[in-house]
Protein chains: 2
Amino acid sequence: MNHIAHAEIDRTPPKHDAAWTIGIAARPSQDAPVAGAREAHFAARETLCEEGARADHIVIIAQGAVMLSKLLPDGRRQIIELLGAGDVFGLSNTALYDTTAESLTPVRAFQYERRVYENSPELQRTVSQKMTSQLCAMHDHAMLLGRKTAAERVASFLMGLIPNRGGHGCNGPDAKADTRHVAIPMTRQEIADYLGLTLETVSRAFSQLKKDGILQAPRHDEIVVTNVCRLCHLTGTL
Amino acid sequence: MNHIAHAEIDRTPPKHDAAWTIGIAARPSQDAPVAGAREAHFAARETLCEEGARADHIVIIAQGAVMLSKLLPDGRRQIIELLGAGDVFGLSNTALYDTTAESLTPVRAFQYERRVYENSPELQRTVSQKMTSQLCAMHDHAMLLGRKTAAERVASFLMGLIPNRGGHGCNGPDAKADTRHVAIPMTRQEIADYLGLTLETVSRAFSQLKKDGILQAPRHDEIVVTNVCRLCHLTGTL
DNA sequence: AGATCGGATTGATCCTGATCAAACCTACGC
DNA sequence: GCGTAGGTTTGATCAGGATCAATCCGATCT
């Protein structure tokens, strides 16, 4: 098996504008690829690289969403990071990938061989900036996993999906309607594995938010947040 | 208050060789400072920078241990990362520090103004490598926080403190005596805040490990692991 | 030595979220 | 249409860790 598999482009037309985005990365990255890039396309739900495999490429996502996960020997899974356009993965200080990467949506990405990366200051500079962001995001996520309640975790997760919010801040300049449509290209199990909960707990939290009139769910992979402010207060982050 | 306070060097002689180290970073970093460095010294338990303050410096630790933490508005704290010699902090994608940094031991460090950092490819290269390691460490910690039991968290924490183990791998080349002395320059509350537990739970886990004959505790800030293999198996990581 | 103070340990009880167990949708295939 | 299969929701019960509450221990000070 090749670690970075080549795949057909999934040409299924997206049903909603926001369908293939995660969080802040609402739009395809503008960044032109640095020299040495190989463009690759993946369908949704492909494994782009596997924990423990030889880490010979780094990948910059141009479009789409990717999740990084790790497994414990007994099968417990933690989804470590959700990545969107502009984000990087495949970096490792060892010879092996430390996480598995799977596409949540169709993905367009640029791959670079590790040697290319190590010899391109320009690429390193780009990657370095992204890593800084991702490190900060991991800091926030550590807070979520270590100290937030189930309800706060789910609220934080949903806030993170609302574009132009960065997950926080209640009254942005675009708070006009106080209503947001969000596509969630993840199963309840995946959300649970991301938030350190069980799928039942996630489901119950969603139900509670519906009952409280904070969101509606026309489909289970799509929600409408009808009260962003209330939701934001539930994150525990203020 | 200046965000990176200057401080007297704490000249208290360390009681044990390993007393001022965290995990892998058992020795002072060999790296010579890059141009533009300002050397700084801190005593134990100083605040080196504060969450929310203007992020005008990045810091590379030459010697000693530092913890990064975040607070929720209601006072819940999560200790995000433990840093040792060679590690970097103060990077942020915003204008503000996203975490508070406090010294756990006396610390010697090199500070760089943000402008210096942004104009030094050499420094960026150094920092970039370190960030890769720290990102991987955060991945492991996310797994710990999201999916491990209390006992596994404490075992993982202790394994991470044993030098030349990197936290994992049971039979390294140096497993001669299968016994390790570890200094823990943290209170139970701090360990709890790092592991996403309460101090009582941490205390109980330590007591259990003592009862099981896996470790001894001559002092509460110092332990002797008498069975590294057993401890390693308890981490859940294999 | 005795008093004091911060941190650690231990015990009893409570509660959040996990686990076990049915239904219940929704999309697909025949 | 009916049947099947994933994934989801909901309910009942359980348990791991949190919380509340005493001690306990070891430093430091007088």
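The chains referred to below are lettered A, B, ... by the order of the sequence lines, with proteins before strands, and numbering in each begins at 1. Note that the structure is predicted; figures quoted are calculated from it, not measured.
Within the model, atoms CE of B:Met67 and OG1 of B:Thr105 stand 11.0 Å from one another, a figure rounded to the nearest 0.5 Å. Distance check, rounded to the nearest 0.5 Å: OG1 of A:Thr198 to CZ of A:Arg204 gives 7.5 Å.
Among the nucleotides C:dA12, D:dT8, C:dT9, the one closest to the side chain of A:Ser203 is D:dT8. Nearest nucleotide to the B:Ala150 side chain, out of C:dA8, D:dG17, C:dT19: D:dG17. Out of D:dG17, D:dA18, C:dA27, the shortest distance to the side chain of B:Thr149 is found at D:dG17.
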Residues B:Ile184, B:Phe206; criterion side-chain contact (heavy atoms from CB on, under 4.5 Å); working and verdict: CA-CA 13 Å; B:Ile184 307 178; B:Phe206 272 88; 4.3 Å; yes
Kindly determine whether A:His139 and B:Glu81 satisfy side-chain hydrogen bond (donor to acceptor under 3.5 Å, both in side chains), including the steps that lead there. CA-CA 8 Å; A:His139 291 174; B:Glu81 280 187 272; 2.9 Å; yes
For A:Lys70 and A:Thr100: C-alpha separation, side-chain torsions, deciding distance, then whether side-chain hydrogen bond (donor to acceptor under 3.5 Å, both in side chains) applies. CA-CA 6 Å; A:Lys70 287 170 81 76; A:Thr100 294; over 6 Å; no
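If one axis is set at each end of the helix from C:dA1-D:dT30 to C:dC30-D:dG1 from five pairs, those axes are 30° apart, to 10°.
Judged by the 6.0 Å distance and 45° axis criteria, B:Arg108 is not positioned over the aromatic ring of B:Phe42.
In this structure, the CG atom of B:Leu199 is 10 Å from the P atom of C:dG7, given to the nearest Å. Between the CG atom of B:Asp221 and the P atom of D:dC25 there is a distance of 17 Å, given to the nearest Å. Rounded to whole Å, atom P of D:dG7 lies 9 Å from atom CZ of A:Arg45. Note: CZ (B:Arg77) to P (D:dA18) measures 15 Å, nearest angstrom. In this structure, the CZ atom of B:Arg219 is 14 Å from the C1' atom of D:dT28, given to the nearest Å. In this entry the distance linking CZ of B:Phe206 with P of D:dC25 reads 19 Å, nearest Å. Atom C1' of nucleotide C:dA18 and atom CZ of A:Arg204 are separated by 9 Å, given to the nearest angstrom. Rounding to whole angstrom units, CD1 of residue B:Ile184 and P of C:dG7 are separated by 16 Å.
Where A:Arg147 and A:Ala217 each meet DNA chain D at their nearest nucleotide, the meeting point lying more 5' is that of A:Ala217. Place A:Ala151 and B:Glu200 on DNA chain C by their nearest nucleotides, and B:Glu200 ends up nearer the 5' end.
Between B:Asp193 and B:Arg76 there is no salt bridge, since no side-chain nitrogen of the basic residue lies less than 4.0 Å from a carboxylate oxygen of the acidic one. With salt bridges taken as basic N to acidic carboxylate O contacts below 4.0 Å, one links A:Glu190 and A:Arg45.
The base of C:dG17 does not come close enough to the side chain of A:Arg153 for any donor and acceptor atom to sit less than 3.5 Å apart.
For B:Tyr194 and B:His141, the gap between ring centers is short of 6.0 Å.
Side-chain N/O atoms of B:Ser207 include one lying less than 4.0 angstrom from OP1 or OP2 on C:dT10. Considering only side-chain N and O atoms, A:Thr201 lies nowhere under 4.0 angstrom from the phosphate OP1 or OP2 of C:dG17.
If you check every strand for non-hydrogen atoms under 4.0 Å, B:Thr198 touches a base.
The side chain to side chain contact (heavy atoms under 4.5 Å, CB included) with A:Leu158 is formed by just one residue from the set A:Leu215, A:Leu234, A:Thr235; it is A:Leu215.
Using a 4.0 Å cut-off on heavy atoms, the residues of residues 188-197 of chain A that approach DNA chain C are A:Gly196, A:Leu197, listed by number.
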